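The structure presented is a predicted model; accordingly, all values stated were derived computationally and were not measured.
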Amino acid sequence: MPSPPRLLFFILALLVAVSCKEASSPERRGAGGEALRVETVLSGLDTPWEVVFAPDGRIFVTERPGRVLVVEEGEVRKEPYARLPVVEAGEGGQLGLALHPDFRRNGVLYAYYTTREDGRLRNRLVRLVEEGGTARQAEVLLEAPAASIHDGGRVRVGPDGRLYATLGDTANSGFAQDPRALAGKIIRLELDGSVPEDNPFPGSPVYSYGHRNPQGLAWDEAGNLYAPEHGQSAHDELNLVRPGRNYGWPVVEGDERREGMVAPILHSGKQTWAPSGAEYVREGPWRGSILFTGLRGESLHRVEVDPEDPGRVVRHREYLEGEYGRLRTVVQGPDGALYLLTSNRDGRGDPASSDDRLLRVEVRRR
């Protein structure tokens, strides 16, 4: 987290940017009686996918067509922070981004994107290095199948200091049940790209399997990993992910059970959420909640679990339903507010003239 002077500068810069670009919306009452105040920080983005806050106050935003933008003092710098050999093909393109825990010192980031090689689409997890205020690709850590749908794409560094990424099944459901296939998985690597010795499958980056299209990763304070996942037209899921476990796709979904396969802790039934980014809230009125965004469902989801049983959901609520269209990502910023990316220009939304946007959501108790 930035030092107090840097954090104060960060907050003031955001507030100035918001006041110059678009007035905040009126406060609205949330499903639990909270007051939510939503402001637009950035507008006119082209299908943004990830937002990351650097310790020096900068904000990085990925756009699916192939750019990593940098926001400084509330303004998007004219030249992109990084341009990678990206192919925007359907759901693929420039997707996830994460910072090395020691980014301030070493300038290392991790990016996930879709490219084309020898006529085939491939998803890559790469290491980037900052040089002179921009970032270049230094090394490909992992290459996996890709397609025009189900590419996963979220990248996070876990509390154990390992690098995690979500890999969709690339519309080939058979991949999900094959522990050797790098699709339909959540993977785990050392920060240098090597395979951790304590991974559940020796010599393999696979951490869990049987996934359809997971696009979010969030850890609670006890280190439990939660991942939302797209179902087949319905039965979207929130899973409590354990190493080496099989999450059932395409054999089971929803309330179906099969020995050796793990059921979700929450699913959408006949509704469709199309869940994407996830976050665990560490401060504020929603502390202890798991959040994830909904694309087709156009909502922000808040899940509360039993403090004594991380696999038991005690409450699920939806917020901002239909107000901002498709929601791709949610993160908690260094100022404690929530930051959401819309995804209305992804070919499946109904974009407004100001789309896509980075939104700042402040939650207050009444």
Drop me the distance from L97's CG to Q94's CD, to the nearest 0.5 angstrom. 7.0 Å

Once you round to the nearest 0.5 Å, how far does CD of E323 lie from CD of E298? 10.5 Å

How about R154 and S276: do any of their side-chain heavy atoms sit closer than 4.5 Å? yes

H150/E91 under side-chain contact (heavy atoms from CB on, under 4.5 Å): CA gap, chis, key distance, verdict: CA-CA 7 Å; H150 302 186; E91 296 174 3; 4.2 Å; yes

Between N239 and E229, is a side chain to side chain donor-acceptor pair (under 3.5 Å) present by the stated rule, with each step listed? CA-CA 8 Å; N239 286 301; E229 179 172 339; 3.2 Å; yes

For the pair R287 and E221, find out whether any cationic side-chain nitrogen is under 4.0 Å from an anionic carboxylate oxygen. yes

Check: R282 main-chain N/O paired with Q332 side-chain donor or acceptor under 3.5 Å: yes

Basic-acidic side-chain contact under 4.0 Å: E130, R58: yes

Taking all non-hydrogen atoms of both residues into account, name the closest pair between G223 and P159 and its distance. CA-CG, 4.4 Å

Any donor-acceptor pair under 3.5 Å from S208 side chain to G244 backbone: no

Tell me whether T62 contacts the main-chain N or O of E50 through its side chain, where contact means a donor paired with an acceptor under 3.5 Å. yes

Can the ring centres of Y280 and Y226 be said to be less than 6.0 Å apart? no

Begin with the C-alpha distance, continue with both residues' side-chain angles, and end with the deciding distance and a verdict on side-chain contact (heavy atoms from CB on, under 4.5 Å) for L42 and L69. CA-CA 12 Å; L42 298 174; L69 307 179; over 6 Å; no

Taking D151 first and then R64, would you say they form a salt bridge - that is, a charged N and a carboxylate O separated by under 4.0 Å? no

How close do S204 and V195 get, heavy atom to heavy atom, and via which atoms? O-CG1, 3.2 Å

Does one hydrophobic cluster hold both V331 and L341, with members joined at side-chain heavy-atom distances below 4.5 Å? yes

Just by distance, with hydrogens left out, do Q177 and N246 show a side-chain donor and acceptor under 3.5 Å apart? yes

Whether over 12 other heavy atoms sit under 6.0 Å from E131 CD: yes

P205 vs L189 side-chain heavy atoms within contact, under 4.5 Å: yes

Main chain of V126, side chain of E139: is a donor-acceptor contact present, judged purely on distance under 3.5 Å? no

Short N-O contact, D192 and R127, less than 4.0 angstrom: no

Sidechain N-carboxylate O distance under 4.0 Å for E362, R364: yes

Does A352 offer a backbone N or O that forms a donor-acceptor pair with the side chain of D355 under 3.5 Å? yes

Crowded around D350 CG? As in, over 12 foreign heavy atoms under 6.0 Å? no

Should the ring pair H211 and Y247 be called parallel, tilted or perpendicular, given that the plane angle runs from 0 to 90° and is split at 30 and 60? parallel

Before accepting this row, confirm whether a basic side-chain N of the pair R120/D118 lies closer than 4.0 Å to the acidic partner's carboxylate O. no

Are the side chain of R257 and the backbone N or O of D255 linked by a donor-acceptor pair below 3.5 Å? yes

Minimal non-hydrogen separation, P351 against N344, with atom names: CD-O, 3.4 Å

Test side-chain contact (heavy atoms from CB on, under 4.5 Å) applied to F103 and L109, V108, V52, the passing residue: L109

Distance, nearest 0.5 Å, that separates CZ of R357 from CG of L327: 10.0 Å

Any L163 side-chain heavy atom under 4.5 Å of V155 side chain: yes

Residues R124, E143: salt bridge by 4.0 Å N-O rule: yes

Please walk me through it: do R345 and R326 pass side-chain contact (heavy atoms from CB on, under 4.5 Å)? CA-CA 9 Å; R345 295 192 179 276; R326 295 165 63 81; over 6 Å; no

Quick one: do R348 and D346 satisfy salt bridge (Lys or Arg N to Asp or Glu O under 4.0 Å)? Show the steps, please. CA-CA 6 Å; R348 296 177 178 175; D346 64 5; 6.0 Å; no

How long is the gap from OG on S194 to CG on N199, to the nearest 0.5 Å? 9.5 Å

Tell me yes or no: between the side chains of H267 and D236, is some donor less than 3.5 Å from an acceptor? no

Verify, without hydrogens or angle tests, whether E75 (side chain) and E72 (backbone) share a donor-acceptor contact under 3.5 angstrom. no

Nearest heavy-atom pair of A278 and P228: which atoms, and what distance? CB-CD, 3.7 Å

Are any of the side-chain heavy atoms of P214 and E237 separated by less than 4.5 Å? no

Starting from the C-alpha separation in whole Å, work towards a yes-or-no answer on ring-ring contact (aromatic ring centres under 6.0 Å, His included) for Y339 and F53. CA-CA 10 Å; Y339 289 82; F53 294 88; 4.9 Å; yes

Taking the side chain as every heavy atom from C-beta outward, state whether T293 and P275 have any pair of such atoms under 4.5 Å apart. no

Decide, yes or no, whether a salt bridge links E117 with R122 under the criterion of side-chain N to carboxylate O below 4.0 Å. no

If the test is side-chain contact (heavy atoms from CB on, under 4.5 Å), which one of V361, D356, L359 qualifies with Y324? L359

Geometric class of the W273/H301 ring pair [parallel <30°, tilted 30-60°, perpendicular >60°]: tilted

Identify whether V303 and W286 are in the same connected component of the hydrophobic contact network (ILVMFWY, side-chain heavy atoms under 4.5 Å). no

Separation between CG (N123) and CG (L95), nearest 0.5 Å, reads 7.0 Å

Side-chain touch Y164/V241, heavy atoms, less than 4.5 angstrom: no

Please confirm whether R212 makes a cation-pi placement over W249, using NZ or CZ under 6.0 Å from the six-membered ring centre and within 45° of the ring normal. yes

Test: E279 and R156 ion pair at under 4.0 Å: yes

Can you find a heavy atom in the side chain of L338 that is under 4.5 Å from one in the side chain of L291? yes

With clusters defined by side-chain heavy atoms of hydrophobic residues (ILVMFWY) lying less than 4.5 Å apart, directly or transitively, does V71 cluster with L358? yes

Could you go through the side-chain contact (heavy atoms from CB on, under 4.5 Å) check for H100 and L191 one step at a time? CA-CA 8 Å; H100 189 286; L191 295 179; 3.6 Å; yes

Do side-chain atoms of T170 reach the backbone of A147 as a donor and acceptor pair under 3.5 angstrom? no

What I want to check is whether the side chains of N224 and D220 have a donor and an acceptor closer together than 3.5 Å. yes

With a 3.5 Å distance limit and no angle check, can you tell me whether T47 reaches the backbone of E63 through a side-chain donor-acceptor pair? no

Salt bridge D169-K185, side-chain N to carboxylate O under 4.0 Å: no

NZ/NE/NH1/NH2 to OD/OE distance under 4.0 Å, R302 and E34: yes

Give a yes or no on whether the ring-centroid distance for Y81 and F60 is below 6.0 angstrom. yes

